[in-house]
Amino acid sequence: MKTLTAEQVQDLFSTTAGNRLHALYVLLATTGLRLGEALGLKWEDIDFNTGRLTIQRALQRQHGVGFVLVEPKTERSRRTVHLAGGTVIALRGHRKRQLEERLVAGPLWEDMALAFTTPTGGPIEAWRVNELFHKALERAGLPRIRVHDLRHTAATLLLAQGTHPKVVQE
C-alpha cells in the first residue's frame, strides 16, 4: 500500500486546481470514499449547508449490462460522511462547472443527477479516472499510486491528525 504525504496531497490539489476532476480527487483524498461510491454520488446526497454527504449507492460497469447503480459494498458502507471545509468548497466549484457544462451540452446532456460525470452528463469510467489521475500525479511530480490509494492516504492523514482510529475505520 502506498500513500501520499500531506504535502504531496497539497501538491496534487494545486496541480489539479483547474481540472474537471479536481473535486473528485479532493473528495477521495479527504474522505476515503471508494471510487465507485464517489462516482455513484448524486447531488441530492450532498448537503452543502451541513457539510455532509450520504453514501447510498455505488456506480459499477457490469459486463453485458453497462453502468448500473448498486448497493454499497457492505451494510456499513451505507453511511454519512462529514466533509472538510475545503472539500465543500471544491464540490461547490465542481457543481458550478457541471451546470455550465450542462448548458453547453444542451439536449445531449444525460441527466442521471450524478455529481461526477463526463462533459455530457454520462457516468465516468473508473479506468478513465485512473488514467487521468496518473497523468495528474506525473504533472505534479508525485509518485504513481492507484486512485484507491487515496482511500489509504485519507486514513493515514486522519490518524496523523489525531482522529480516533474507530472514527477513521467507520
Side-chain angles (χ1 to χ4, degrees), residues 2-60 67 69-70 72-73 76-101 112-119 121-137 139-140 142 145-161 163 167-170:
K2 296 179 187 176
T3 62
L4 298 177
T5 66
E7 183 178 274
Q8 289 172 322
V9 169
Q10 287 306 314
D11 290 345
L12 173 65
F13 293 171
S14 295
T15 300
T16 62
N19 185 302
R20 67 181 314 280
L21 293 183
H22 170 74
L24 177 61
Y25 304 146
V26 171
L27 181 68
L28 295 172
T30 60
T31 63
L33 295 184
R34 293 175 182 93
L35 180 58
E37 292 171 340
L39 296 180
L41 276 176
K42 293 188 175 196
W43 288 112
E44 66 192 41
D45 302 327
I46 302 168
D47 187 333
F48 290 105
N49 296 324
T50 63
R52 296 180 185 168
L53 62 80
T54 55
I55 302 299
Q56 301 185 61
R57 72 196 69 76
L59 181 71
Q60 279 184 357
F67 285 107
L69 294 169
V70 298
K73 187 174 180 178
R76 289 180 59 200
S77 295
R78 189 180 288 271
R79 64 201 183 281
T80 298
V81 177
H82 298 269
L83 302 172
T87 306
V88 172
I89 290 168
L91 287 169
R92 282 184 194 272
H94 177 70
R95 178 71 173 138
K96 182 177 184 246
R97 174 195 293 255
Q98 190 184 71
L99 290 170
E100 291 167 355
E101 289 177 343
M112 295 180 65
L114 294 171
F116 298 101
T117 66
T118 65
I124 301 176
E125 296 275 5
W127 65 264
R128 183 69 176 138
V129 173
N130 277 292
E131 182 179 81
L132 294 170
F133 178 64
H134 290 146
K135 288 180 182 180
L137 289 171
R139 277 193 308 277
L142 297 171
I145 64 171
R146 303 169 304 157
V147 169
H148 185 75
D149 293 328
L150 289 177
R151 181 170 168 81
H152 304 296
T153 295
T156 301
L157 295 177
L158 287 170
L159 290 169
Q161 292 172 357
T163 305
V167 173
V168 174
Q169 178 187 11
E170 291 172 1

Exercise. Should L137 and T15 be marked as a side-chain contact (heavy atoms from CB on, under 4.5 Å) after you check the CA-CA gap, both sets of side-chain angles, and the distance that decides it?
Worked result: CA-CA 8 Å; L137 289 171; T15 300; over 6 Å; no
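- Taking CG of L33 as the start and CD1 of I55 as the end, the distance is 4.5 Å to the nearest 0.5 Å.
- When atom types are taken as modelled, the side chain of H22 and the backbone of L91 share no donor-acceptor pair closer than 3.5 angstrom.
- What you find for T153 and L4 is that their closest heavy atoms are OG1-N, 3.0 Å.
- Side-chain N or O atoms of Q98 include one that pairs as donor or acceptor with a backbone N or O of L114 at under 3.5 Å.
- Here the straight-line distance linking atom OG1 of T31 with atom CG of L83 works out to 7.0 Å at 0.5 Å rounding.
- Screening residues 78-87 for side-chain hydrogen bond (donor to acceptor under 3.5 Å, both in side chains) gives T30-T87, E37-R79, R52-H82, E71-R78 as the qualifying pairs, with residues at least two apart or on separate chains.
- With a 4.5 Å cut-off on side-chain heavy atoms, I46 and V88 do not count as touching.
- Here the NE2-NZ distance, from H152 to K2, works out to 12.5 Å after rounding to the nearest 0.5 Å.
- T3 and Q8 make their closest contact through O-OE1, 4.2 Å (heavy atoms, listed as atom of the first residue, atom of the second, distance).
- H94 places a side-chain N or O within donor-acceptor distance of the main-chain N or O of A115, the cut-off being under 3.5 Å.
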For this session: Please test L35 against L28 for side-chain contact (heavy atoms from CB on, under 4.5 Å), starting from the C-alpha separation and ending with a verdict.
Result: CA-CA 7 Å; L35 180 58; L28 295 172; 4.1 Å; yes
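- Considering every non-hydrogen atom in both A38 and F116, the closest pair reads O-CD1, 3.4 Å.
- Summarising the geometry, atom CG belonging to L24 is positioned 10.0 Å from atom OG1 belonging to T16; distances are rounded to the nearest 0.5 Å.
- Considering CZ of R97 and CG of L21, their distance stands at 8.5 Å, rounded to 0.5 Å.
- The nearest pair of heavy atoms linking R20 to P119 is NH2-N, 3.5 Å.
- A salt bridge links D149 with R146: at least one charged nitrogen is closer than 4.0 Å to a carboxylate oxygen.
- Note: E125 CD to L132 CG = 12.0 Å, rounded to the nearest 0.5 Å.
- Nearest heavy atom pair, residue L69 against residue G40, reads CD2-CA, 4.1 Å.
- Counting non-hydrogen atoms of other residues, nucleotides and ligands closer than 6.0 Å to CD of E100 gives a total above 12.
- In terms of heavy-atom proximity, L39 sits nearest to I124 at CD1-O, 3.6 Å.
- For the pair Q56/D45, a side-chain contact is recorded, criterion being any heavy-atom separation below 4.5 Å from C-beta on.
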Exercise. For L12 and F133, what are the C-alpha separation, side-chain angles and deciding distance, and is it a side-chain contact (heavy atoms from CB on, under 4.5 Å)?
Worked result: CA-CA 10 Å; L12 173 65; F133 178 64; 3.9 Å; yes
Exercise. Going through the checks in order, is the side-chain hydrogen bond (donor to acceptor under 3.5 Å, both in side chains) test met by E7 and T5?
Worked result: CA-CA 5 Å; E7 183 178 274; T5 66; 5.5 Å; no
Exercise. Should L27 and L53 be marked as a side-chain contact (heavy atoms from CB on, under 4.5 Å) after you check the CA-CA gap, both sets of side-chain angles, and the distance that decides it?
Worked result: CA-CA 11 Å; L27 181 68; L53 62 80; 3.7 Å; yes
